[in-house]
Amino acid sequence: IIFDNIEDNDERWEGFTLENVSDETEFRYVRISGAEKTDTDGGGMYLDNSDPILSHLIISGNTAGDIGGGMYLDNSDPTLTYVIISGNTAGWSCGGMRIFNSNPILTNVTISGNTAGTYGGGMVLFGSNPILTNVTISGNAGTNGGGMLISNSNPILTNVTISGNTADDHGGGMRISNSNPILTNSIMWDNSPESIYFFGDDPSTISIQYSDIEGGEDAIVTNDNGEVYWLEGNINTDPLFSDPENGDYTLQEGSPCIDAGTADLDGD
């Protein structure tokens with residue numbers, strides 16, 4: 001099912017806004033593109049106190065004048081499976097996805113090629129504790145936090161690849177404030193100017209295990225404002241992506257990341 005803008009129409013459609021819907025609301029095999037919210041947030045989709053099931057979606061080429069070019073989650077806990085959020089733009093913050101006071105579950109999700117005027121090219125978390133599994137965040141751009149900007153949040157990232165993201169100032173891969181993310185079986189590579197950057201007045205922590213982090217522990221910029229828990233199994237070696245220039249972040253044969261992870265995710 002394709003929702004898009006009429007090619008010769010100067011007035012662009014304004015995407016979806018869902019309010020107070022449960023998981024009985026489902027979007028499956030849907031493309032949402034060409035939408036624009038000039039005066040509000042969430043160009044492609046805005047969720048307000050809503051928990052829909054979103055499966056096999058493409059949310060691409062949408063625009064928000066302010067926040068959340070692709071999606072904006074406000075007090076919402078949707079489940080996203082096999083979703084692509086790409087090529088979206090926000091005038092100020094969160095080119096791909098804004099997660100505010102929400103705890104979504106993202107599985108097999110790609111967030112790529114999104115742009116924000118300032119914060120969070122790929123996604124911004126504020127007051128949220130999402131679970132990301134098998135997620136790729138790549139090729140996003142913003143002034144601060146090219147891939148992710150994490151504030152007052154405690155996300156769990158497992159089998160997540162964050163690569164090829166850029167920030168004009170700080171946090172090419174991830175910018176963290178007053179937060180405690182956990183990375184397992186994940187890769188952070190080729191983000192500019194650095195993979196992980198701590199900022200803000202309140203201290204943060206990051207726990208990393210069985211992951212490939214470019215530059216290793218020494219490359220994480222904490223600004224003396226938090227702790228890095230560098231646990232077992234971490235490496236600092238080119239992951240040998242198959243074709244990252246064309247968005248293929250699978251691993252070549254002989255990649256040092258193959259069989260370098262752990263199946264014991266809960267530490268029991």
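These numbers were taken from a predicted model, which means no experiment stands behind them.
A donor-acceptor contact closer than 3.5 angstrom is absent between the side chains of T133 and N159. The closest side-chain donor-acceptor pair between D248 and T250 falls under 3.5 angstrom. Side-chain polar atoms of S22 and D51 form no donor-acceptor pair below 3.5 angstrom.
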Begin with the C-alpha distance, continue with both residues' side-chain angles, and end with the deciding distance and a verdict on side-chain contact (heavy atoms from CB on, under 4.5 Å) for I137 and V135. CA-CA 7 Å; I137 301 172; V135 172; 3.9 Å; yes

Show the numbers, then the answer: is there a side-chain contact (heavy atoms from CB on, under 4.5 Å) between M188 and T161? CA-CA 6 Å; M188 297 194 71; T161 296; over 6 Å; no

Pair V221-I196, side-chain contact (heavy atoms from CB on, under 4.5 Å): steps then yes or no: CA-CA 6 Å; V221 181; I196 303 171; over 6 Å; no

Walk me through it: do H56 and R28 pass the test side-chain contact (heavy atoms from CB on, under 4.5 Å)? CA-CA 6 Å; H56 295 89; R28 297 185 186 272; 5.8 Å; no

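In this structure, the side chain of Q209 does not engage the main chain of L231 through any donor-acceptor pair within 3.5 Å. Judged purely by atom type and a 3.5 angstrom limit, D169 has no side-chain atom pairing as donor or acceptor with the backbone of N144. Listed for the N165 side chain is no donor-acceptor partner under 3.5 Å among the backbone atoms of N191. Looking at S255, its side chain never comes within 3.5 Å of a backbone N or O of L240 through a donor-acceptor pair. For N225 (side chain) and N223 (main-chain N/O), no donor-acceptor pair under 3.5 Å exists by modelled atom type. T262 places a side-chain N or O within 3.5 Å of a backbone atom of D264 that can act as its donor or acceptor partner. N5 contributes no side-chain N or O that, together with a main-chain N or O of A35, makes up a donor-acceptor pair within less than 3.5 Å. Under a 3.5 Å cut-off, the side chain of S33 and the backbone N or O of D4 do not form any donor-acceptor pair. Without hydrogens or angle criteria, N114 side chain to I85 main chain gives a donor-acceptor distance under 3.5 Å. Side-chain N or O atoms of N20 include none that pairs as donor or acceptor with a backbone N or O of S50 at under 3.5 Å.
Counting only heavy atoms from C-beta outward, the side chains of L18 and P52 approach each other to under 4.5 Å.
Annotation for N140 and G121: closest pair CB-C, 3.7 Å, computed over non-hydrogen atoms. S128 and S153 get closest at one heavy-atom pair: O-CB, 2.8 Å. In plain terms, the two heavy atoms of D212 and D238 that are nearest each other are OD2-C, 4.2 Å.
Taking CD1 of I59 as the start and CD1 of I32 as the end, the distance is 5.0 Å to the nearest 0.5 Å. Rounding to the nearest 0.5 Å gives a distance of 12.0 Å between CD of E214 and CD1 of I220. How far CG of D23 is from OG1 of T79: 7.5 Å, rounded to the nearest 0.5 Å. Summarising the geometry, atom CD1 belonging to I208 is positioned 14.5 Å from atom CD belonging to E232; distances are rounded to the nearest 0.5 Å.
Criterion: ILVMFWY side-chain heavy atoms under 4.5 Å apart, direct or through other members. Under it, L183 and Y197 are not part of a common hydrophobic cluster. With hydrophobic clusters built from ILVMFWY side chains whose heavy atoms lie under 4.5 angstrom apart, W13 shares a cluster with V30. Linking ILVMFWY side-chain heavy atoms closer than 4.5 Å, directly or via other members, places V124 and I105 in two distinct hydrophobic clusters.
Remark: R175 is positioned above the aromatic ring of F199, its terminal NZ or CZ atom under 6.0 angstrom from the ring centre and at most 45 degrees off the axis.
The only member of P256, S163, P244, C257 that meets side chain to side chain contact (heavy atoms under 4.5 Å, CB included) when paired with P239 is C257.
The aromatic rings of Y119 and W92 stand perpendicular to each other, their planes meeting at an angle above 60°, with 30° marking the opposite boundary. Between F27 and F16, the angle of the ring planes goes over 60°, which puts this pair in the perpendicular group of the 30/60° scheme. Using bins of under 30°, 30° to 60° and over 60° for the plane-to-plane angle, the ring pair F126/F100 lands in the parallel bin.
Pairs passing the side-chain hydrogen bond (donor to acceptor under 3.5 Å, both in side chains) check and including a residue from residues 63-77, sequence neighbours excluded, read Y46-D74.
Using a cut-off of 4.0 Å between Lys/Arg side-chain N and Asp/Glu carboxylate O, D41 and R98 are scored as not salt-bridged.
With sequence neighbours excluded, no residue forms a ring pair (Phe, Tyr, Trp, His ring centres under 6.0 Å) with Y210.
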